[in-house]
Structure formats: C-alpha cells, structure tokens
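Reviewing the structure listed below.
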2 protein chains.
Amino acid sequence: MFVIVSSMTPRPTHESRRERPAKPALSHDRIVAAAVRVMRTEGLRRVTMRRLATELDTGPASLYVYVANTAALHAAVLEELLGEVDLGPVAAPGEWRERLAAVLVSYTRVLFAHPELAHSALVARPAGPHYLALVEGVLALLHEGGVPGGQAAWGVDVLLQVATATAAEQSARQDDDAAKEEHHALVRALAEAPPGTHPRIAALGDDLTSGTPHQRLRWIFQAVVNGTSATPREAT
Amino acid sequence: MFVIVSSMTPRPTHESRRERPAKPALSHDRIVAAAVRVMRTEGLRRVTMRRLATELDTGPASLYVYVANTAALHAAVLEELLGEVDLGPVAAPGEWRERLAAVLVSYTRVLFAHPELAHSALVARPAGPHYLALVEGVLALLHEGGVPGGQAAWGVDVLLQVATATAAEQSARQDDDAAKEEHHALVRALAEAPPGTHPRIAALGDDLTSGTPHQRLRWIFQAVVNGTSATPREAT
DNA sequence: ACCTGAACACCGTTCAAGT
DNA sequence: ACCTGAACACCGTTCAAGT
C-alpha cells in the first residue's frame, strides 16, 4: 500500500523543490483566471498588478512578461466574462427585433453584475472570441431584419456602445454612494431649472428622469435599431 | 514719495504674516480653478488631490473640506470645460438637424481636446449650469424638429451619451499607444474571423471599420436623432 | 469652522541582476 | 527566456490635533 501511494506521488524534478508542491509556471491564462477570481470576490478595484502578484505568489514585475499593463488585464477579464452572454436568441425563432433586444439585455446584465468592468469596457474594447461572437450575433440579427450591410456595420458599434455606457452609468449608481448623490443632484438641478432660461427642461419636467432603467434601456435599443435601419450612410 | 508708497501698501492684519503676501483662503472655486490649470498643462491624470494640494500650497487633507472626492473634482472640471461648447447654432437659422449636429460636434470637440475627461464624463454626469444649458439646447432643437416631448426627454440622454462615449474612445486612441495597439488587434481579429463561424463579419469585411471618426460620428448623430424621432415610448 | 501633519494602506512600472 | 528584488515615483482618504 505504501508502495502504491508512493508511486502515485509525482517525483519532484529538483531535490530543492521537494518541500512544497512545485509552484505552477506563470502564464497569461493563469493570470487572467486569478484576475477573474479576485474580481468576483473583491471587485475590479482590487484587480491590480500587485494584488495579483500576491495571489500568484510572485512579485508584480513578473506579471509584465505576460500582460502589457493594467488596462490590458481588465480587457482580458471582460473578454472572459463575455462568455456568459446568452447568444441563444440569435438562432431562436421569433421576431428579430425581440431577439436582438434579448441579446443586448443579456449583455448589459453581465456588465451590470460587474459595474466597474462596464466602465473599463468603454475604453478598452476586447478583441477575443467572446466579443467576436457577440458582434457576429448582433450582425446576424440586423441582417435578418433586412438592415443594409453598411448601416449594420456601423450600427453594431453604436448598439454595443450604448448598452455599455448605460450599464456603466446605472451600475456605478447602484453601489457607489457618491455616484448616487451625484445623480440626485442632477435630478434636482433639472427639476429646479428656471422656466425663463430653460423652457424645454421646465416643460418636460419629471419626464426627463422618468422610467425604470429597464424601460429606458428597452426604448434606447428600439430607437437605435430603428435609426440604424432607417439612416443611409450617404446621408451625410 | 516714500509716504505715498507706504500708504499704498496694504498693512498686513497680523505682524506674523508680514513676510509674504497672505495665502488666499481655500474655496471650492479656487480648487477647481487650480484643477483646470493643472489639467491644461499636465493632463487630467495629474489632477489628484495631492498634486492640487501642492499647487495650492497646503496638505491634501485640506481639500476634503470643499471637495467630496476625486470623482467630484473631475466632474467639476468637466462642468467648467463645458462652458466652451458653442451653443450658437441653437438660436441660428437653418435646418434643425444640421444645427443639432453642430452642437453635438462642438461638444465632442471639447471632449476630444481632453481625452481623459471624456472617460470620466461617462460616469460622473455634471449637474452645473453649463451642462443644463447644453441639455436645454439639445431639447430646444429636438422640439423645433417636432420630436414628441417624451421621446426627446429620453433621446437627449442617448445623444449625449453616444457623443461622450465616442469621444472617450477616439481620443483614448489618439494619445495612448497601448490603446492604439488594442484597436489594431480588434481590426485584425475582425479581418481574420473565419467565414465559417462568422459569416456576417466576413461578409462585411473592411466595412466594419470603415470611415473617418468624423464620418462615423455624423452618421451616428443622424441615426440616433432619426431613431429618437421615430420611436414612440409606448412601443415597449 | 476650518485647516493640517502625519499616518495608513495602498498603487503602476522599470530595470539591473539573477537563473 | 523567464523571473524577480528593489526601487522610483507616486496615489486616496482619515483622523486627531491645532487655530
């Protein structure tokens, strides 16, 4: 029995590494996996080179062999998370507009779950397989809806941008007290704008800030899809 | 003559302050003014509590009497900069769509000049007079164009959001080598996507990344205005 | 009330030196 | 080639103590 156990234990390559299990080699994948882990447990704010170095039991300088900088690290985390977007509606039956909205809502839901990530997604667009699959899915649905190619090509960008920006905004408010206060200040400023100098703001009143985030998001998707579908590229 | 000069020199209130001119008292305005100064000369990245404290010849803790945190500071800088947006087209003659596009282009131009600010503008919407004036101007033009109030109320948000996000993205690429490389990676990934799995991306090819930033921006504004104008709120 | 020194708890990134 | 220690040059924010 002793013999069997002994034969199952991998012999360390170097005598000097006998004490603990050999430290697994660093790699881009291992760093990103650690980053996702830290983000889920401590938030993206803690996904720093130094924190990750600690997590991987090394020094911060070592990470620069595999990751160019902090922004690239965050982009890689986003690409990983994008795997959670439900692209099922692309191939499902039903009205194309409804299915497109469903995909975009799924995308925003993923970002909502990770507020700070949405913020970084606005600047650092990922270029990985999950992002490409999302773009392909949106394009397929616009194509099915008869949207001309040139318009779809530019429209997909706007749709994802609007979805990302909305998620970044809403979710920042969700768990940041200062952001919440800032939003209240805007609502108040809009409500108190003098009709003399701000007739349109006064005329619209509460309407400017009406609706739930979900209602607004649905309308925004509809409006951008309609605009994309109806606006020829040569118009300008 | 000696007497005259002497009488023109303001007597210091306290003997102990005689040596140098009295340090002017801190205030929100003085802090924001210093922040704008530092941003123009060193970039928003240097607009930190500590840098500003140095600039104002005090310690970082002192600033917290007037500014809640760094995000609020950046929002105040943005509000200040928004004073540069040209709202002339609002009251000028001409086609309303053209004038609306002109206002939005002016807005993005201001943000383009200060890349990092655009980024922060996506999260921290200012609530100051310059921002209100911009919202009022956009609403006035949508009203002139016969866009129903409810749609204009929600549309103004989308228009400013899309303008801000585009500025943040384009301008980040403008002066950040890493961001430039990231964009190239995306262009490459789109160009190399296999037609088998990504038929729509392959079909559109270069079209996905075609056009100058200005051309794309013009089309985006047109499309969002068209969508806002054509999409009733009860649709969803 | 306003201001501050000092401290706490962190950052990103580079580079020469090691294996 | 890969990895690292150590250093450089910074951060935001709080709090007890002073004026």
Side-chain angles (χ1 to χ4, degrees), chain A residues 12-17 20 22-31 34-35 38-39 41-77 116 119-120 123-124 172 176-179 181-182, chain B residues 12-17 20 22-31 34-35 38-39 41-77 116 119-120 123-124 172 176-179 181-182:
Chain A
T13 324
H14 302 297
E15 280 302 308
S16 58
R17 290 210 190 142
R20 317 192 239 156
K23 208 166 80 177
L26 278 178
S27 72
H28 184 268
D29 283 1
R30 244 170 64 74
I31 293 171
V38 170
M39 192 202 54
T41 55
E42 304 172 38
L44 191 71
R45 219 184 17 179
R46 295 285 171 220
V47 180
T48 66
M49 292 300 207
R50 290 181 111 103
R51 175 69 187 79
L52 251 42
T54 307
E55 186 79 5
L56 295 164
D57 196 22
T58 182
S62 307
L63 305 182
Y64 284 84
V65 178
Y66 303 98
V67 179
N69 52 45
T70 308
L73 181 65
H74 288 182
V77 171
E116 307 135 301
H119 192 189
S120 100
V123 178
D176 181 350
D177 283 355
E181 180 40 51
E182 224 161 34
Chain B
T13 322
H14 302 297
E15 280 302 308
S16 57
R17 288 210 192 143
R20 316 191 242 157
K23 210 166 77 175
L26 278 179
S27 72
H28 184 268
D29 283 0
R30 243 169 65 74
I31 293 171
V38 170
M39 192 202 56
T41 55
E42 302 171 38
L44 190 71
R45 220 183 17 181
R46 296 285 171 218
V47 180
T48 66
M49 292 301 208
R50 291 181 108 102
R51 176 70 188 77
L52 252 41
T54 307
E55 186 79 6
L56 294 164
D57 196 21
T58 182
S62 307
L63 305 182
Y64 284 84
V65 178
Y66 304 98
V67 179
N69 52 44
T70 309
L73 183 65
H74 288 182
V77 171
E116 306 135 300
H119 192 189
S120 100
V123 179
D176 181 349
D177 283 356
E181 180 40 50
E182 225 162 34

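Side-chain atoms are counted along with the backbone in the values below, which use heavy atoms only and exclude waters and symmetry mates. Quick note on labels: first sequence line is chain A, next is B, and so on, each numbered from 1.
Nucleotide dC2(C) holds its C1' atom 14 Å from the CZ atom of Arg30(B), rounded to whole Å. Look at CG on Leu26(A): it is 17 Å from P on dA1(D), rounded to the nearest Å.
For Ser27(A), the side chain to side chain contact (heavy atoms under 4.5 Å, CB included) test picks out Asp29(A), Arg30(A), with sequence neighbours left out. Residues passing the side chain to side chain contact (heavy atoms under 4.5 Å, CB included) test with Arg46(A), sequence neighbours excluded: Val38(A), Glu42(A). Considering only residues two or more places apart in sequence or on other chains, Ala35(B) meets the side chain to side chain contact (heavy atoms under 4.5 Å, CB included) condition with Val47(B), Leu52(B), Leu73(B), Val77(B). In this structure, the side-chain hydrogen bond (donor to acceptor under 3.5 Å, both in side chains) partners of Ser62(A), at least two apart in sequence or on a different chain, are Thr58(A).
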- [ ] Do nucleotides 7-19 of chain D as a string where each nucleotide becomes B, S or -: B if the base has a protein heavy atom under 4.0 Å, S if just the sugar-phosphate does, - if no protein is that close.
- [x] B---BBBBB----

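Nearest approach of Leu63(B) to Ala53(B), heavy atoms of both residues: CD1-N, 3.9 Å.
Between the NE2 atom of His74(B) and the CE atom of Met39(B) there is a distance of 9.5 Å, given to the nearest 0.5 Å. Rounding to the nearest 0.5 Å gives a distance of 8.0 Å between CE of Met49(B) and CD1 of Ile31(B).
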Task: Intra- and inter-strand pairs of DNA chain C in dot-bracket (Watson-Crick or G-U wobble, both distances under 3.5 Å; | for another strand) - done: ||.|||||...|||||.||

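Within the 4.0 Å cut-off from OP1 or OP2 of dT4(D), at least one side-chain nitrogen or oxygen of Ser62(A) is found.
Comparing dA9(C) with dA9(D), their P atoms are spaced 25 Å from each other, to the whole Å. Only the C1' atoms considered, dC10(C) is 16 Å distant from dC8(D), to the nearest whole Å.
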